[in-house]
*Asks:* 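Sharing a structure below in structure tokens format, with a few things to ask.
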Amino acid sequence: MGVMIDGKWHTQSIAELADGGSFKRSETSFRNWVTPDGEFPAEAGRYHLYVSLACPWAHRTLIMRALKGLQDQISVSVVNWFMGEDGWSFEAGDGVVADPVFGAGHLRDVYASVKPDYTGRVTVPVLLDTGTRQIVSNESAEIIRMFNSAFGGSGAAPGDYYPADLREEIDAVNARIYDSLNNGVYKSGFARSQQAYEQAVLPLFDTLDWMEDILSRQRWLAGDRFTEADIRAFVTLIRFDPVYHGHFKCNRRRIVDYPNLWAYTREIYQMPGVSDTVNLGHIRNHYYASHETVNPTRIVAVGPVLDYMAPHGRG
């Protein structure tokens, strides 16, 4: 991780991002919106998305892009799975897609090209307006809603994953899942004290138990329809057993130990287009090799072996 200060790159350790032993996530910096007819109009071919295949926040945007059939409308660059002292790079490697807009060597160069005096964190995803060369947003929760609703007039596939009649329930589910699951795995893994770790990991498993109960009674987390709440949950669930269980010490139980959650994860994985967004090689390599403070040897675990294509028996 790192920040730009006075035009120079400065590394920032995970420990420096912690307060009293607890991991604190920084706010995103660019919060504009693509709309059908606003400052950033929804036009095919105008926007470029920068992602990491390892990052769950970026993964949300790739799933929504696939579900809405926007692959030909919104181009993508993929950073290398390794994040070192210089942050995300476009160093050549399996699955890496270079930056066609700025020819950047690192993601920090994209931020600096758009805003030379930028001093915030350099994160994925990034949605860029290639016409004006402005960053529209680096907030994944808002990017997925743009993809969901803004491109209907320019050929997006049908489907509303944030329907008006379910928004109250979706927002409530999102709030709990974000705090104790999506961010909870990071708060557990990056904790700097036993107390901070337990304050994060115990609520995390309370939330998994809560999700398991919901899914024993209904098909999806926010009701009878697949919504963005399920996308936001899935990106953590798909990483849980391969990475978070061991690397982040979230090891009270595995997802495969939850019958309903495991079937639910497989069902989402098997949806058209979703499995194409999952790269377990990038996921495993990134977490185990990039987080030196958590895994000083940088040895990448080889397992577990999971069959996401096994019949799920739901619906």
*Asks:* When you check the side-chain N and O atoms of H286 and S52, is any donor under 3.5 Å from an acceptor?
*Replies:*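 H286 vs S52: no donor-acceptor pair found between side chains.
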
*Asks:* Do the side chains of Y50 and P125 get nearer than 4.5 Å, heavy atoms only?
*Replies:*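 P125 does not reach Y50 side chain to side chain.
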
*Asks:* Is the closest basic N to carboxylate O distance between R108 and D99 below 4.0 Å?
*Replies:*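 D99 and R108: not salt-bridged.
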
*Asks:* Could you give all pairs that pass the ring pair (Phe, Tyr, Trp, His ring centres under 6.0 Å) test and reach residues 295-315, with sequence neighbours left out?
*Replies:*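 The answer is W262-Y308, Y269-Y308.
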
*Asks:* Is the closest side-chain heavy-atom distance between R217 and I214 below 4.5 Å?
*Replies:*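 They are in side-chain contact.
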
*Asks:* Run the salt-bridge test on R253 and D209 with the 4.0 Å N-O cut-off and return the result as yes or no.
*Replies:*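 Result for this pair is yes, salt bridge flagged.
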
*Asks:* Please test Y258 against Y264 for ring pair (Phe, Tyr, Trp, His ring centres under 6.0 Å), starting from the C-alpha separation and ending with a verdict.
*Replies:* CA-CA 10 Å; Y258 291 94; Y264 167 85; over 10 Å; no

*Asks:* If we count only N and O atoms by modelled type, under 3.5 Å, do the side chains of H59 and R239 hold a donor and an acceptor together?
*Replies:*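 There is such a pair between these side chains.
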
*Asks:* For W210, is there any backbone N or O sitting under 3.5 Å from a side-chain donor or acceptor partner on D213?
*Replies:*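 Answer holds: no.
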
*Asks:* Looking at F102, is R133 sitting on its ring face, NZ or CZ under 6.0 Å from the six-membered ring centre and within 45 degrees of the normal?
*Replies:*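 The answer is yes, since R133 meets both limits relative to F102.
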
*Asks:* One thing to verify: whether K115 and D117 come together as a salt bridge, which I'm taking to mean a side-chain N less than 4.0 angstrom from a carboxylate O.
*Replies:*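 So D117 pairs with K115 through a salt bridge.
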
*Asks:* Under a 4.0 Å threshold between the charged nitrogen and the carboxylate oxygen, would K187 count as salt-bridged to D179?
*Replies:*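 Counted as a salt bridge, because a side-chain N and a carboxylate O are separated by less than 4.0 Å.
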
*Asks:* Quick test of your reading of the model: are R219 and E267 salt-bridged, counting only N-O distances below 4.0 Å?
*Replies:*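 Between E267 and R219 there is a salt bridge, with a charged N closer than 4.0 Å to a carboxylate O.
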
*Asks:* Do N80 and S89 have a side chain donor and acceptor closer than 3.5 Å?
*Replies:*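 There is no such pair between these side chains.
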
*Asks:* Is the distance between the ring centroids of F190 and F248 less than 6.0 Å?
*Replies:*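 Yes, ring centres under 6.0 Å apart.
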
*Asks:* R252: which residues meet the salt bridge (Lys or Arg N to Asp or Glu O under 4.0 Å) condition with it, sequence neighbours left out?
*Replies:*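 Testing R252 for salt bridge (Lys or Arg N to Asp or Glu O under 4.0 Å), a comparison that skips the adjacent residues, returns none.
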
*Asks:* Running the 4.5 Å side-chain criterion over Ile, Leu, Val, Met, Phe, Trp and Tyr, what cluster does Y162 land in, apart from itself?
*Replies:*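 Members alongside Y162: L166, I170.
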
